[in-house]
Trainee: 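Before anything else, here's the structure in question.
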Amino acid sequence: MNDTWVYVALAAAVLVVGGVAVALRSRGAAPVATPVAAPAPVETVPVAVQPVAPEPVAVAAPPSFRDRLSRARGVFATATTGVLRRTTIDQSTWDDLEEAMLRADLGVKVTTALLDGLRARVKDREITEPAALIAALRHDMTSRLASAQRGLNFDASLGTPNIWLMVGVNGAGKTTSVAKIAAQQIALGRTVLMAAGDTFRAAAGEQLETWATRTGAAIVRGAEGADPSSVVFDGVQSAAARGIQLVLADTAGRLQTNTNLMDELRKVRRVAEKAAGVVTEVLLVIDATTGQNGLVQARQFADATQVTGVVLTKLDGSAKGGIVFAIETELGIPVKLVGLGETVADLAPFDPQEFVAALFDE
Ligand code: GDP
């Protein structure tokens with residue numbers, strides 16, 4: 001076991017014994033003012049351990065899906081109330097269910113597939129009661145989401161930083177999600193550096209700097225308008241030199257119709273991997289309130305950057321959480337995290353069972 005792992009083990013022990021979240025603040029994160037013109041491949045930098053004083057960071061438990069999904073639940077509650085009011089399963093039953101599923105943005109494909117399966121079972125007299133039909137729909141919706149691998153990829157054996165790239169259109173919640181993920185990873189005992197790669201949006205760097213201070217992460221920023229790839233490259237190099245385990249790289253997110261953005265993101269990924277780290281996650285941040293439009297975005301980003309998971313933000317206050325089904329069914333990308341509010345604690349691992357229960361339970 002090298003020093004890093006001794007340190008990580010110690011940090012973990014502190015967490016277990018203390019039962020508190022621990023921040024490992026890396027000091028002296030010099031802001032990067034000059035972009036690297038042409039980052040060349042570099043040798044892996046041996047991980048140097050910087051013993052630092054842990055500071056407590058307050059990360060509350062994430063809120064429950066049930067508490068935050070009231071709008072989406074409203075859509076399903078109206079339908080199930082209508083279905084259960086009748087004693088038989090008739091055309092109105094199917095109309096109520098279809099309307100709710102489409103309003104919740106499950107998409108035509110998923111809605112049709114789910115209802116066709118149920119229609120066949122009703123025809124075979126396997127399901128005869130409205131209550132059994134609702135129970136079967138709930139079960140089928142849950143099992144549709146059951147097989148995805150939702151764990152965040154972090155390889156502790158790399159000896160160089162893991163890099164998690166955040167991509168998505170402006171306003172989707174990338175910067176906020178970087179902050180939330182940083183707080184959670186720090187609470188797990190990992191050291192984190194934020195690379196403020198969204199150099200096109202002036203406020204993004206400042207926003208991240210504030211979050212870095214609050215969460216105890218290190219940060220590397222570029223000058224406004226600097227090449228985002230260079231900022232990410234410098235961030236990874238800085239993390240490697242300082243023995244920081246995880247780089248969370250924010251990226252620019254202008255309109256998805258801008259093809260240059262996709263070229264740029266391809267470059268960010270290439271350059272990040274030339275630095276002394278490995279990209280182990282590319283997280284596409286999608287705003288749940290955009291519904292099916294999010295799918296179009298997702299396709300473009302997935303093609304450009306080999307997306308490994310989705311962070312679905314603003315699920316609180318959205319009736320359109322059903323986009324989860326379309327993302328997973330049509331794109332085969334797992335929804336790994338969901339944003340349930342604006343505070344740093346409002347990010348939760350996506351739990352299909354809890355999610356579907358929150359849609360149906362009174
Ligand atoms: P970016 O342009 O993709 O970096 O987006 P930002 O991180 O700046 O977020 C845009 C807005 O969405 C901000 O006002 C955030 O507070 C808000 N936001 C982000 N995630 C969530 C969420 O899960 N729930 C809610 N309600 N708001 C969110």
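From a predicted model like this one, the values you see are computed outputs, not experimental measurements. Both ligands and their constituent atoms are indexed starting at 1 by order of listing.
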Trainee: If you count the atoms of ligand 1 from 1 in the order shown, which ones are under 4.0 Å from a heavy atom of L340?
Mentor: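 Answer for ligand 1: 23 (O).
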Trainee: Salt-bridged, R85 to D96, with N to O below 4.0 Å?
Mentor: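 No, no charged N to carboxylate O under 4.0 Å.
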Trainee: For ligand 1, which atoms have a heavy atom of G339 less than 4.0 angstrom away?
Mentor: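 Ligand 1 atoms under the 4.0 Å threshold to G339: 23 (O).
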Trainee: Heavy-atom contact under 4.0 Å between D316 and ligand 1?
Mentor: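 The answer is yes, since D316 has a heavy atom less than 4.0 Å from ligand 1.
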Trainee: Please write down residue, atom name and distance for the protein heavy atom closest to atom 10 (C) of ligand 1.
Mentor: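 Going atom by atom, the protein heavy atom closest to atom 10 (C) of ligand 1 ends up being G171 O, 3.6 Å.
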Trainee: For atom 11 (C) of ligand 1, which candidate among K314, K174, E342 holds the nearest heavy atom?
Mentor: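 Closest candidate by heavy-atom distance is K314.
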Trainee: Before giving the answer on salt bridge (charged side-chain N to carboxylate O under 4.0 Å, His left out), spell out for D263 and R266 the whole-Å C-alpha distance, their side-chain angles and the decisive distance to 0.1 Å.
Mentor: CA-CA 5 Å; D263 286 344; R266 274 188 208 99; 2.8 Å; yes
Trainee: How far is atom 4 (O) of ligand 1 from its nearest protein heavy atom, and which residue and atom name does that atom have?
Mentor: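 Heavy-atom neighbour on the protein nearest atom 4 (O) of ligand 1: T175 OG1, 2.7 Å.
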Trainee: Which of the atoms of ligand 1 are close to V169, meaning less than 4.0 Å from one of its heavy atoms?
Mentor: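 Those of ligand 1 that fall under 4.0 Å from V169 are 3 (O).
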Trainee: Heavy-atom contacts with N170 under 4.0 Å: which atoms of ligand 1 show up? List them by number with element.
Mentor: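 Contacts of ligand 1 toward N170, numbered from 1: 2 (O).
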Trainee: Can you tell me if G341 has a non-hydrogen atom under 4.0 Å from ligand 1?
Mentor: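 Yes, G341 has a heavy atom closer than 4.0 Å to ligand 1.
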Trainee: Considering distance alone, does some N or O of G173 sit under 3.5 Å from an N or O of ligand 1?
Mentor: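 The answer is yes, given that G173 and ligand 1 share an N or O pair closer than 3.5 Å.
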Trainee: Checking R73 side chain against R66 main chain: does a donor-acceptor pair fall under 3.5 Å?
Mentor: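 Side chain of R73 to backbone of R66, a donor-acceptor pair under 3.5 Å: yes, one is there.
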Trainee: Would you say ligand 1 has an N or O under 3.5 Å from any N or O of Q207?
Mentor: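 The answer is yes, given that Q207 and ligand 1 share an N or O pair closer than 3.5 Å.
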Trainee: Is it true that R119 and D116 have a side-chain N and a carboxylate O under 4.0 angstrom from each other?
Mentor: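 The answer is yes: the pair qualifies as a salt bridge.
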Trainee: Does ligand 1 have any atom sitting under 4.0 Å from a heavy atom of G168?
Mentor: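 No heavy atom of G168 comes that close to ligand 1.
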Trainee: Begin from the C-alpha positions of D346 and T343 and carry the test side-chain hydrogen bond (donor to acceptor under 3.5 Å, both in side chains) through to its verdict.
Mentor: CA-CA 5 Å; D346 294 330; T343 79; 2.9 Å; yes
Trainee: Would you mind finding which of D287, T176, L337 brings a heavy atom closest to atom 9 (O) of ligand 1?
Mentor: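 Ranked by closest heavy atom to atom 9 (O) of ligand 1, first place is T176.
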Trainee: Would you say A172 touches ligand 1, if touching means a heavy atom closer than 4.0 Å?
Mentor: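 Right, A172 reaches ligand 1.
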Trainee: Specify whether W164 and F154 have parallel, tilted or perpendicular ring planes, treating 30° as the upper limit for parallel and 60° as the lower limit for perpendicular.
Mentor: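 Judged by the thresholds at 30° and 60°, the geometry between W164 and F154 is perpendicular.
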Trainee: Which of these passes side-chain contact (heavy atoms from CB on, under 4.5 Å) with M101: V110, L137, T112?
Mentor: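 Only match with M101 under side-chain contact (heavy atoms from CB on, under 4.5 Å): L137.
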Trainee: Any idea which part of K180 is under 4.0 Å from ligand 1, heavy-atom wise: side chain, backbone, both or neither?
Mentor: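 Side chain only.
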Trainee: Using 30° and 60° as the class limits, which term best fits the ring planes of F350 and F65: parallel, tilted or perpendicular?
Mentor: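 Taking F65 first and then F350, their aromatic rings sit tilted (interplane angle of 30° to 60°).
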Trainee: Do the side chains of V310 and L331 join up, straight or via other hydrophobic residues, at under 4.5 Å, putting them in one cluster?
Mentor: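 V310 and L331: one cluster.
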Trainee: Between R299 and E330, does at least one N-O distance fall below 4.0 Å, as a salt bridge requires?
Mentor: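 Judged by the 4.0 Å cut-off on N to carboxylate O distance, R299 and E330 do form a salt bridge.
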